[in-house]
Student: 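Just dropping this structure here.
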Amino acid sequence: MSENHNEVEQVQEENRLIAERRAKLSAIREKRNAFPNHFRREDYAQRLQDELGAKDKEELEALGRQASIAGRIMAKRGPFMVLQDMTGRIQVYVDKKQFPQELADEIKTWDIGDIISATGPVHKSGKGDLYVNMTETSLLTKSLRPLPDKFHGLTDQEIRYRQRYVDLIMNESSRRTFAIRSKMISSIRNFLQQKDFVEVETPMMQVIPGGASARPFVTHHNALSMDMYLRIAPELYLKRLVVGGIERVFEINRNFRNEGLSTRHNPEFTMIEFYQAYADYKDMMDLTEAMLRNTAQEVLGTTVINYQGSEYDFGKPFTRLSVFDSVLQYNPEITAEQLSDMAQATAIAVKLGVKVKDTWGLGKIQIEIFEETVEHKLDQPTFITEYPTEVSPLARRSDGNPFVTDRFEFFVGGRELANGFSELNDPEDQAERFMAQVAEKDGGDDEAMHYDADYIAALEYGLPPTAGEGIGIDRLVMLFTDSPSIRDVLLFPHMRPE
RNA sequence: GGGCCGUUAGCUCAGUGGUAGAGCAGUUGGCUUUUAACCAAUUGGUCGAUGGUUCGAAUCCAUCACGGCCCA
């Protein structure tokens, strides 16, 4: 197997520091099982700090609170060692006189990074820090690789991403980011479940990749002898479920798009998509506003979000503005008449440097002008509405103006965070839109959509009037954790092999 | 894909053409209620890779790899 061959060739680097620790491990192996798994802790570092941190030295001695903890040695200072567990840090005190000679000698060989147990009463030092005065201790796991500098930590971005386990050991801010990520997803999930939304899982491997305009990854099914695609969106499956009667449905999971990497793009990323029958895009905007406000309050304890030096207030009502009006507002020199005229709008787009194609209609031209001149300026939370039908192949046409759809995108800090619309539930209109997409695909646009006959069949059974939305979870987490790069909010971001 | 910047000890970083350095970590010894613990001694380097210029290259030049930032 070629894969195995490669694995064998990936020899980890060794150095003298590791050799010294291997020697210590060998010495332990000669005495006992070097990787015991019998110790059970009863306490956690931060909970002890919370429970006992406010008590003074004398109170603690009188209390005689016994604690039993486990964790990684993060620092050694004099007779103290700092242990870190999943909740935080606490010191332990090593009084060698309390231990048999053999154990006292072994403790001297313990290194920063080793994982130990510690049991004993909790006391407080003269400087006011809690410590566990160890009466029993044992090495649970020997660490063979030295940790980064205890003071500077690990700052090398590349190693932080490639060896996230080291980053998590060393960087409290990184642990915090992923804790917030987890809480945000829980909060969003709870919010929707309380509103009777049902969580589902739909296929990641699809025969016809649909629901978005993007290039898919291709994989191969051996038994069926056919190519399949990693999904670019779950949308068409979720709407099939609404046809089936799951009138409020959502999925939080990965999408895959075969695109470049940037501080805002990873080939696999997490989206939440939700669909609600008997609702329209305005209901979705209301829901989004309530949900994000709730999530900010629950997770961060405030609705004011600080991101890269800017402040975004999720407590105030979000601005709502149409694509058309936003272009006029941000470009005082452009008139409504020009923007409505194919020739004049095209001239504006060309002047902006857009490489206009013959196949484009006015809607596509308007969106290009919007993206060039408005998008990045949408700083405070803003819904942009009424996207042209031409660029919205799955969205319902507006009743008053079939040139545009009942659709919105949501922007914060100049970045798109969400996309939602009243769903196109007219099967004949949808079939025509698919045909238009296929024509564009034939014309060379490899991001255009496929014709999905089964999806049309589902619509022909009847999709109730429905609205739906997708929110990019990673970008939302970036915002909530003040992270400049999407890689900071992905535990294992995509990296080129070394 | 383009531009700029980076890659030196396990980690964080100095080092602009003339014997590769510091702090932390490690090792040995001391001290033992410390807070980046402290004191003394000490080990540790294909300077990202390849090629070139030069008497001499971590340093100058070229190409490549990986990463960061900005742009597409």
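The basis for the numbers below is simple: all heavy atoms, side chains too, and nothing from hydrogens, waters or symmetry mates.
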Student: To the side chain of A:Arg487, which of B:A25, B:U33, B:G67 is closest?
Tutor: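 Output: B:G67.
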Student: Under 3.5 Å for both donor-acceptor distances, Watson-Crick or wobble: does B:U35 have a partner, and if so which one?
Tutor: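 Answer to the pairing question: none, since B:U35 forms no Watson-Crick or G-U pair.
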Student: Is the phosphate of B:U34, meaning OP1 or OP2, less than 4.0 Å from a side-chain N or O of A:Arg77?
Tutor: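 No, outside the criterion.
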Student: Ignoring hydrogens, what is the shortest heavy-atom contact between A:Met74 and A:Lys150? Give both atom names and the distance.
Tutor: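 The pair with the smallest heavy-atom distance is O-CB, 4.3 Å.
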Student: Output the rounded distance in Å from CD (A:Gln157) to P (B:C13).
Tutor: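 For the pair A:Gln157 CD and B:C13 P, the rounded distance is 11 Å.
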Student: Partner of B:C64 by Watson-Crick or G-U wobble geometry, both contacts under 3.5 Å, or none?
Tutor: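 Answer to the pairing question: B:G48, which forms a Watson-Crick or G-U pair with B:C64.
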Student: Grab the CD-P distance between A:Gln163 and B:C66 for me, whole Å please.
Tutor: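 My rounded result for the distance is 18 Å.
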Student: Side chain of A:Glu20, heavy atoms from C-beta onward: which of B:U33, B:G26, B:G67 has the nearest atom to it?
Tutor: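 Nearest to the side chain of A:Glu20 among the choices is B:G26.
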Student: With a cut-off of less than 4.0 Å, is there a side-chain N or O of A:Lys108 near OP1 or OP2 of B:G26?
Tutor: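 Looking at the OP1 and OP2 atoms of B:G26, neither is under 4.0 Å from any side-chain N or O of A:Lys108.
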Student: Give one of base, sugar-phosphate or nothing for A:Lys57, where a contact means two heavy atoms less than 4.0 Å apart.
Tutor: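 A:Lys57: no heavy atom of the nucleic acid under 4.0 Å.
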Student: Among B:U33, B:U27, B:G23, which nucleotide sits nearest the side chain of A:Lys24?
Tutor: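 Within the option list, the nearest is B:U27.
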Student: Is there a donor and acceptor pair, one atom on the side chain of A:Tyr131 and one on the base of B:U34, closer than 3.5 Å?
Tutor: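 A donor-acceptor contact between them is absent.
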Student: Could you work out which one of B:A25, B:U35, B:C11 sits closest to the side chain of A:Gln91?
Tutor: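 Nearest to the side chain of A:Gln91 among the choices is B:U35.
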Student: How many Å lie between CG on A:Leu352 and P on B:A72, as a whole number?
Tutor: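 It is 12 Å, rounded to the nearest whole Å.
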Student: Can you check the A:Met74 CE to B:A25 C1' distance for me, whole Å?
Tutor: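 The answer, rounded to whole Å, is 12 Å.
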Student: Counting only side-chain N and O atoms of A:Arg145, is one of them less than 4.0 Å from OP1 or OP2 of B:C11?
Tutor: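 Checking B:C11 against A:Arg145, no side-chain N or O comes under 4.0 Å of OP1 or OP2.
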Student: Nearest to the A:Asn15 side chain among B:A25, B:U34, B:G10, which nucleotide is it?
Tutor: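 Of B:A25, B:U34, B:G10, B:G10 is nearest to the side chain of A:Asn15.
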Student: Base, sugar-phosphate, or nothing: which does A:Gly153 touch, judged by heavy atoms less than 4.0 Å apart?
Tutor: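 Result for A:Gly153 = sugar-phosphate.
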Student: For the P atoms, the ones on B:G48 and on B:G6, what distance do you get once it is rounded to whole angstrom?
Tutor: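 After rounding to an integer number of Å, I get 12 Å for this pair.
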Student: Could you check which nucleotide pairs with B:C69 in any of the strands shown, counting Watson-Crick or G-U wobble with both distances under 3.5 Å?
Tutor: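 Pairing partner, where one exists within any strand: B:G3.
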Student: What contact category does A:Arg160 fall into here, base, sugar-phosphate, or nothing, at under 4.0 angstrom with non-hydrogen atoms?
Tutor: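 If one applies the 4.0 Å heavy-atom cut-off, A:Arg160 turns out to touch nothing in the nucleic acid.
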Student: With a 3.5 angstrom cut-off on both distances, give the Watson-Crick or G-U wobble partner of B:G56, or none if there isn't one.
Tutor: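 The answer is none; no pair meets the criterion.
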Student: Contact class for A:Met170 vs. all strands (heavy atom < 4.0 Å): base, sugar-phosphate, or nothing?
Tutor: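 Nothing: the residue A:Met170, judged by heavy atoms under 4.0 Å, touches no strand.
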Student: Answer yes if the ring centres of A:Tyr131 and A:Phe80 are under 6.0 angstrom apart, and no otherwise.
Tutor: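 They qualify: ring centres under 6.0 Å apart.
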Student: Measure CG/A:Leu261 against P/B:C66 and give the value in whole Å, please.
Tutor: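 These atoms are roughly 11 Å apart.
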Student: At less than 4.0 Å, is any side-chain N or O atom of A:Arg16 found next to OP1 or OP2 of B:U27? Yes or no.
Tutor: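 So the side-chain polar atoms of A:Arg16 never come under 4.0 Å of the phosphate oxygens OP1 or OP2 of B:U27.
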Student: Whole angstroms only, please: what is the CG-P distance between A:Leu17 and B:G45?
Tutor: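 About 11 Å, once rounded to whole Å.
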Student: Taking the side chain of A:Glu158 as its heavy atoms from C-beta onward, which of B:U12, B:G26, B:G67 lies nearest to it?
Tutor: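 Per side-chain heavy atoms of A:Glu158, the pick is B:G67.
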Student: Rounded to the nearest angstrom, tell me the gap between atom OH in A:Tyr161 and atom P in B:G67.
Tutor: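 The answer, rounded to whole Å, is 11 Å.
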Student: To the side chain of A:Asp111, which of B:C66, B:U27, B:U32 is closest?
Tutor: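 The answer is B:U27.
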Student: For B:U34, does either OP1 or OP2 sit under 4.0 Å from a side-chain N or O belonging to A:Lys127?
Tutor: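 For A:Lys127, the contact criterion (side-chain N or O under 4.0 Å from OP1 or OP2 of B:U34) is met.
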Student: Using the P atom on both, measure B:G2 against B:U43 and round to a whole Å.
Tutor: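 It comes out at 47 Å once rounded to the nearest Å.
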Student: Could you tell me whether A:Arg164 sits above the aromatic face of A:Phe492, with NZ or CZ closer than 6.0 angstrom to the six-membered ring centre and within 45 degrees of the axis?
Tutor: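 Here A:Arg164 fails the 6.0 Å and 45° test against A:Phe492.
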Student: With both distances kept under 3.5 Å, what pairs with B:U27, Watson-Crick or G-U wobble?
Tutor: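 Here B:U27 is engaged in a pair, and the nucleotide opposite it is B:A41.
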Student: Rounding to the closest angstrom, what is the interatomic distance between B:G15 and B:C71 at atom P?
Tutor: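 About 30 Å, rounded to a whole number of Å.
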Student: Please measure how far the C1' atom in B:G45 lies from the corresponding atom in B:G3, and state the result in whole Å.
Tutor: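 To the nearest whole Å, 33 Å.
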Student: Between A:Glu372 and A:Asp129, which residue's closest nucleotide on RNA chain B lies nearer the 5′ terminus?
Tutor: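 First, find each residue's nearest nucleotide; the 5'-ward one identifies A:Asp129.
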Student: Taking atom P in both B:A20 and B:A57, compute the distance separating them and give it to the nearest angstrom.
Tutor: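 Pairwise P distance, B:A20 against B:A57, rounds to 11 Å.
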Student: Look at A:Thr155 and B:U12 and indicate whether a side-chain polar atom (N or O) is within less than 4.0 Å of OP1 or OP2.
Tutor: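 Yes, within the criterion.
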Student: Would you say A:Lys150 places a side-chain N or O within less than 4.0 Å of OP1 or OP2 belonging to B:A37?
Tutor: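 Yes, A:Lys150 has a side-chain N/O under 4.0 Å of OP1/OP2 on B:A37.
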Student: Please state the P separation for the pair B:U42 and B:C24 - nearest whole angstrom.
Tutor: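 Each nucleotide's P atom is 14 Å from the other's.
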Student: Check A:Gly413 against A:Tyr312 and note the closest heavy-atom contact, atom names and distance.
Tutor: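 Taking A:Gly413 first and A:Tyr312 second, the nearest heavy atoms are CA-OH, 3.3 Å.
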Student: So do the side chains of A:Tyr307 and A:Thr481 get within less than 4.5 Å of each other, counting heavy atoms only?
Tutor: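 Side-chain contact under 4.5 Å: no.
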Student: Measure from the ring center of A:Phe411 to the ring center of A:Phe383 and say whether it is less than 6.0 Å.
Tutor: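 Distance test on ring centres: not under 6.0 Å, no.
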Student: Which part of the nucleic acid, if any, lies within reach of A:Asp156 when heavy atoms closer than 4.0 Å are counted: base, sugar-phosphate only, or nothing?
Tutor: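 Here A:Asp156 touches the backbone only, sparing every base.
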Student: Under 3.5 Å, is there a donor-acceptor pair between the A:Asn331 and A:Thr373 side chains?
Tutor: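 There is such a pair (donor and acceptor under 3.5 Å, judged by atom type) between the side chains of A:Asn331 and A:Thr373.
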Student: Considering only the P atoms, how many Å lie between B:G18 and B:A58, rounded to the nearest integer?
Tutor: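 Pairwise P distance, B:G18 against B:A58, rounds to 10 Å.
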Student: Does B:U12 have a Watson-Crick or wobble mate here (both distances under 3.5 Å), and if so which one?
Tutor: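 B:A22 - that is the nucleotide pairing with B:U12, both distances being under 3.5 Å.
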Student: Using a cut-off of 4.0 Å on non-hydrogen atoms, how would the nucleic acid contact of A:Arg89 be classed: base, sugar-phosphate, or nothing?
Tutor: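 Counting heavy atoms under 4.0 Å across all strands, no contact is made by A:Arg89.
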Student: What is the separation between atom CD1 on A:Ile73 and atom P on B:A25, rounded to the nearest whole Å?
Tutor: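 My rounded result for the distance is 14 Å.
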Student: Could you work out the separation of B:U27 and B:G67 based on their C1' atoms and round it to a whole Å?
Tutor: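 One C1' to the other, the span is 34 Å.
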Student: Grab the two heavy atoms, one from A:Leu339 and one from A:Ala345, that are nearest each other, plus how far apart they are.
Tutor: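 Looking at all heavy atoms of both residues, the shortest contact is O-CB, 4.1 Å.
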Student: Ring of A:Tyr44, cation from A:Arg47 - is the NZ or CZ under 6.0 Å from the centre and inside 45° of the axis?
Tutor: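 Yes, A:Arg47 lies over the aromatic ring of A:Tyr44.
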Student: With RNA chain B as reference, determine whether A:Tyr93 or A:Phe151 sits nearer its 5' end, using the nearest nucleotide of each.
Tutor: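 The 5'-side residue here is A:Tyr93.
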